[in-house]
2 protein chains.
Amino acid sequence: MSKPVEIIDELNLLSEHGVRNTRQRSAILQVLLASDIPLSAERIHEKTKEADADINLSTVYRFVEMLVEKNLATKSFNLEYGRATFELSNPHHRHHLTCTHCGEIVVIRECPLDKLCRALEEDTGFAVIGHRIELFGVCPKCQRELSTEEL
Amino acid sequence: MSKPVEIIDELNLLSEHGVRNTRQRSAILQVLLASDIPLSAERIHEKTKEADADINLSTVYRFVEMLVEKNLATKSFNLEYGRATFELSNPHHRHHLTCTHCGEIVVIRECPLDKLCRALEEDTGFAVIGHRIELFGVCPKCQRELSTEEL
DNA sequence: GTGATAGATGCAAATGCTTTGCATTTGCAT
DNA sequence: ATGCAAATGCAAAGCATTTGCATCTATCAC
Ligand SMILES: [Mn+2]
Ligand SMILES: [Mn+2]
Ligand SMILES: [Zn+2]
Ligand SMILES: [Zn+2]
């Protein structure tokens with residue numbers, strides 16, 4: 001199986017950052033590229049296994065942290081799940097709304113903080129370099145189930 | 001030293017929730033009430049010590065989790081710091097902008113997500129029950145220091 | 001006030017995600 | 001092909017947080 005073009009791009013991006021291109025990193029990137037939701041290191045590890053790549057979990061941790069360091073990925077911490085999660089940072093970054101019951105995730109298309117950040121820079125003198133947003137609620141399906149249980 | 005009126009309120013609030021009023025809990029609430037920024041369990045523990053209250057760290061963990069459970073406090077996870085943090089949830093909840101260099105914190109007075117949450121409920125059918133926002137940047141002082149170092 | 005009891009605490013051990021040291025392997029420049 | 005710094009695998013350590021259990025205590029009925 002040849003690598004998708006995005007991976008090649010990412011790998012080139014890495015070499016430009018003075019980082020070596022390895023089988024493990026390619027597999028990890030492939031998983032991250034294929035996902036539109038944040039993944040924990042363990043989940044990334046599982047998915048590389050499913051793709052027949054034998055990678056050590058430490059390698060996953062080391063590489064995703066490197067991606068974050070180089071601003072190629074974003075790290076969050078999922079409190080419900082109790083783990084850090086990672087996703088590639090794209091110019092059109094996304095935020096998510098998660099159902100606290102079943103875990104369903106809805107993607108929020110535009111960032112609600114863009115304007116706020118500019119305003120804050122004016123007001124505070126801070127250089128705002130990043131943000132995280134987590135939204136949680138109960139999805140329609142779980143709402144129905146929960147209201148049934150309450151009878 | 002008699003307890004401030006807010007603490008009494010909080011303790012009453014607790015008994016209404018069927019929770020016992022103890023020396024330890026009073027001290028923890030005092031610390032949380034006195035702080036306008038989120039605190040880690042360990043930081044809360046230290047501050048109760050400074051106030052001459054001898055409390056076990058487990059008790060802090062158990063109580064703040066209980067507060068979160070009862071929606072009396074909000075839990076976040078400070079990725080830079082690597083720890084969960086807690087703050088009392090007030091009706092006029094606040095968000096913060098943190099300097100990644102010196103840790104200075106600026107309070108954001110109005111929640112930029114209120115409108116978005118209502119819009120999301122319309123669009124997705126989710127019942128949106130909460131959110132977290134973290135903003136980070138570099139404060140003016142650190143910006144000056146950093147630009148000096150670069151010479 | 002006294003006693004009964006469910007709930008709270010302290011302590012220490014366990015948990016589990018994440019990090020790290022080190023021997024070995026490997027990408028990549030020459 | 002060779003050399004070497006960087007990357008990996010493995011196992012052990014780190015460390016915030018959780019948990020089991022014995023002891024204590026707030027609260028309430030009497
Ligand atoms: Mn955004
Ligand atoms: Mn808000
Ligand atoms: Zn759901
Ligand atoms: Zn600063």
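Lettering follows sequence order; numbering is per chain, from 1. Keep in mind that the numbers below use all heavy atoms, side chains included, and drop hydrogens, waters and symmetry copies.
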Is the A:His131-B:His95 ring centre distance short of 6.0 angstrom?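 When the ring centroids of A:His131 and B:His95 are compared, they turn out to be at least 6.0 Å apart.
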Go through the N and O atoms of the side chain of A:Arg20 and the base of D:dA6, and report whether any donor-acceptor pair is under 3.5 Å.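 Between D:dA6 and A:Arg20, which were checked side chain against base, a qualifying N/O pair under 3.5 Å is present.
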Using a heavy-atom cut-off of under 4.0 Å over every strand shown, decide if B:Asn78 touches base, sugar-phosphate, or nothing. nothing
Give one of base, sugar-phosphate or nothing for B:Ala84, where a contact means two heavy atoms less than 4.0 Å apart. sugar-phosphate
Could you tell me the separation between the [atom1] atom of [X] and the [atom2] atom of [N], rounded to a whole number of Å?
X: B:Arg25; N: D:dA26; atom1: CZ; atom2: C1'; value: 10 Å
X: A:Arg43; N: C:dC17; atom1: CZ; atom2: C1'; value: 17 Å
X: B:Lys75; N: D:dA16; atom1: NZ; atom2: P; value: 14 Å
X: B:Asn21; N: D:dT25; atom1: CG; atom2: C1'; value: 12 Å
X: A:Glu42; N: C:dT18; atom1: CD; atom2: P; value: 9 Å
X: B:Asp54; N: C:dT9; atom1: CG; atom2: C1'; value: 11 Å
X: A:Phe77; N: C:dT18; atom1: CZ; atom2: C1'; value: 10 Å
X: A:Glu80; N: D:dT17; atom1: CD; atom2: C1'; value: 16 Å

The test is side chain to side chain contact (heavy atoms under 4.5 Å, CB included); show your working for A:Phe77 and A:Arg132 and say whether it passes. CA-CA 10 Å; A:Phe77 193 92; A:Arg132 295 189 198 97; over 6 Å; no
Exercise: identify the closest heavy-atom pair between B:Asn71 and B:Ser89: O-OG, 3.0 Å
Would you name the heavy atoms of A:Val19 and A:Lys70 that are closest together and state the gap between them? CG2-CE, 3.2 Å
Phosphate oxygens OP1/OP2 of [N]: is one of them under 4.0 Å from a side-chain N or O of [X]?
X: B:Arg23; N: C:dG10; value: yes
X: A:Thr22; N: D:dT8; value: yes
X: A:Asn56; N: D:dT8; value: no
X: A:Gln24; N: C:dT26; value: no

Identify the nucleotide, in any strand shown, that forms a Watson-Crick or G-U wobble pair with C:dG27, with both distances under 3.5 Å; if there is none, say none.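 Partner of C:dG27: D:dC4.
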If I take atom CG from residue B:Asn56 and atom CZ from residue B:Arg62, how far apart are they, to the nearest 0.5 angstrom?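 These two atoms lie 7.5 Å from each other.
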From A:Ser76 atom OG to A:Arg83 atom CZ, the distance as rounded to the nearest 0.5 Å: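 Reported value, rounded in 0.5 Å steps: 15.0 Å.
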Which is it for B:Phe126 and A:Val106 under the side chain to side chain contact (heavy atoms under 4.5 Å, CB included) test, yes or no, and what are the steps along the way? CA-CA 9 Å; B:Phe126 268 61; A:Val106 167; 3.5 Å; yes
Any residue of residues 57-72 of chain B with a heavy atom less than 4.0 Å from an atom of DNA chain C: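 Of all residues in residues 57-72 of chain B, the ones placing a heavy atom under 4.0 Å from DNA chain C are B:Ser58, B:Thr59, B:Arg62.
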